[in-house]
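Take a look at the structure below.
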Number of protein chains: 2
Amino acid sequence: MSRGVAKIPVAPRPRPAEPAKSRGTAMRILAAAELLVQTRGFNGFSYADIAAQLQITTAALHYHFATKADLGEALIADYSQNFSKTLARLDADHTQPADKLVGYSDVYLEVLRAERMCLCGMLAAEYQTLPEPMQHAVVQFFDANETWLEQVLEQGQREGTLHLYGPARDIARMIIGGLEGAMMVARACGDVRRFQDAASRLIGGLTVARGG
Amino acid sequence: MSRGVAKIPVAPRPRPAEPAKSRGTAMRILAAAELLVQTRGFNGFSYADIAAQLQITTAALHYHFATKADLGEALIADYSQNFSKTLARLDADHTQPADKLVGYSDVYLEVLRAERMCLCGMLAAEYQTLPEPMQHAVVQFFDANETWLEQVLEQGQREGTLHLYGPARDIARMIIGGLEGAMMVARACGDVRRFQDAASRLIGGLTVARGG
DNA sequence: GTCTATAACGAGATAGAC
DNA sequence: GTCTATCTCGTTATAGAC
């Protein structure tokens, strides 16, 4: 980073500093739509909902995302990217696989506490009604999660800090499905504990020393 | 029950034998709608879809189920009733709690193999967009499942055939969420094994003698 | 109990002005 | 980039004939 001198206007760039308004609007749209999908599902909201919240017209929305399918693709891309960053941060913050797993589970817990579902969990339920590019991106999300979990689990097995009572891949699949499903049920029942109980069994059953 | 004599026509009843056609149509509507919810979700189909499949008009649908919300309520009632019967049959068919659990998991597996999701699992995802009576009925479904599982798990613990590494209620919650979520992910990934792997870890981890 | 016809509305999307 | 205006279509629902 440059030093603490006052910002000096740089020479005109090929791509001028992106018109703050435009790029900002696209991001605001994404944020609003993300919330809507995470709470109501992709089939549970319309451009009008976003427009109302952002105080713009639906025509403006179509300027940024020509079709709802395009918006959907952008949403998954954004969400997946953020999730990847989160996984990387978990790797950086924790050395113990058991801690990584708890951190992973806590990510879901925080989403639930924010009264949201996992974006891709919602889309998985609506899978058959989604345009093909969105379907594909949803599967990629789950694959990435499975791969990450598998590596964490195998690390714990190698180091003897996790007791895997089956193949790492199977347990990874159990954890993903378990957290996704428990979130859905917990929200419906209006009871966050329902998620926490399931999650602690899912993860705690793997730790060597304690019962979770 | 009366003995094996040929049925004798009883005196005219207040409610005459329900007009076969009518009742038959209502049932066909329920069956068609059930499939649609289990594959596309409650927000993923319209009366026109059912009408086309049953070769009747949407007006006829409204005769049997005045509003879509009414249809939705009837769907959950029907589904929950069938599920209860299934649980009762599992109790009747198996004495070993471990076998009941495998049977329970197999129910979900068969639904998935039929290329469907759990009706209430789908509705849980769409929860926030559902009319209140449907929301209430969905929660009841999960409560009933949790109660049944809890009893099975406690039975196994008493008899020493199941090893519960935590409170029965927590494990029941893990199993329900786990099966529901794994189903969703497995369908999206087009890979039934994904469900089977998760389910076998979910259930197999509890059996005392074998690893599942 | 099912039909035709239609009301009433909301959805996604586009054209063209500013 | 955002607007107004508009189009087209799908959706739930009703009225009234048969």
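To find a chain, count down the sequence lines: A is the first, B the second, and so on, and within it residues start at 1. In this text the structure is predicted, and so the values were computed from the model without any measurement.
Residues in residues 107-121 of chain A take part in these side-chain hydrogen bond (donor to acceptor under 3.5 Å, both in side chains) pairs, two or more places apart or across chains: A/Gln38-A/Arg116, A/Tyr104-A/Tyr108, A/Glu110-A/Arg113. Residue pairs meeting the salt bridge (charged side-chain N to carboxylate O under 4.0 Å, His left out) criterion with at least one partner in residues 129-153 of chain A, sequence neighbours excluded, are A/Asp143-B/Arg194, A/Glu146-A/Arg173, A/Glu146-B/Arg194. Counting only residues at least two apart or on different chains, no salt bridge (charged side-chain N to carboxylate O under 4.0 Å, His left out) pair has a member in residues 69-81 of chain B.
Looking at residues two or more places apart in sequence or on another chain, you find no side-chain hydrogen bond (donor to acceptor under 3.5 Å, both in side chains) involving A/Arg187. Residues passing the side-chain contact (heavy atoms from CB on, under 4.5 Å) test with B/Ala52: none are found, sequence neighbours excluded.
If you measure from atom CG of A/Leu71 to atom P of C/dA13, you get 10 Å, rounded to the nearest angstrom. To the nearest angstrom, C1' of C/dT14 lies 18 Å from CZ of A/Phe65. With rounding to whole Å, B/Asp70 atom CG is found 12 Å from D/dT12 atom C1'. Rounded to an integer number of Å, the gap from CG of B/Leu61 to P of C/dG1 is 14 Å.
Of the listed nucleotides (D/dA13, D/dG1, D/dT14), D/dA13 has the atom at the smallest distance from the side chain of B/Lys68.
For D/dC3, the OP1/OP2 oxygens have a side-chain nitrogen or oxygen of A/Thr57 closer than 4.0 Å. Under 4.0 angstrom from either OP1 or OP2 of D/dG1 there lies at least one side-chain N or O belonging to A/Tyr63. When the side-chain nitrogen and oxygen atoms of B/Thr25 are compared with OP1 and OP2 of C/dG1, none of them lie within a distance under 4.0 Å. The side chain of A/His62 places no N or O atom within less than 4.0 Å of a non-bridging phosphate oxygen (OP1 or OP2) of D/dT2.
Only B/Phe45, B/Ser46, B/Tyr47, listed by number, bring a heavy atom of residues 40-56 of chain B to less than 4.0 angstrom from any atom of DNA chain D.
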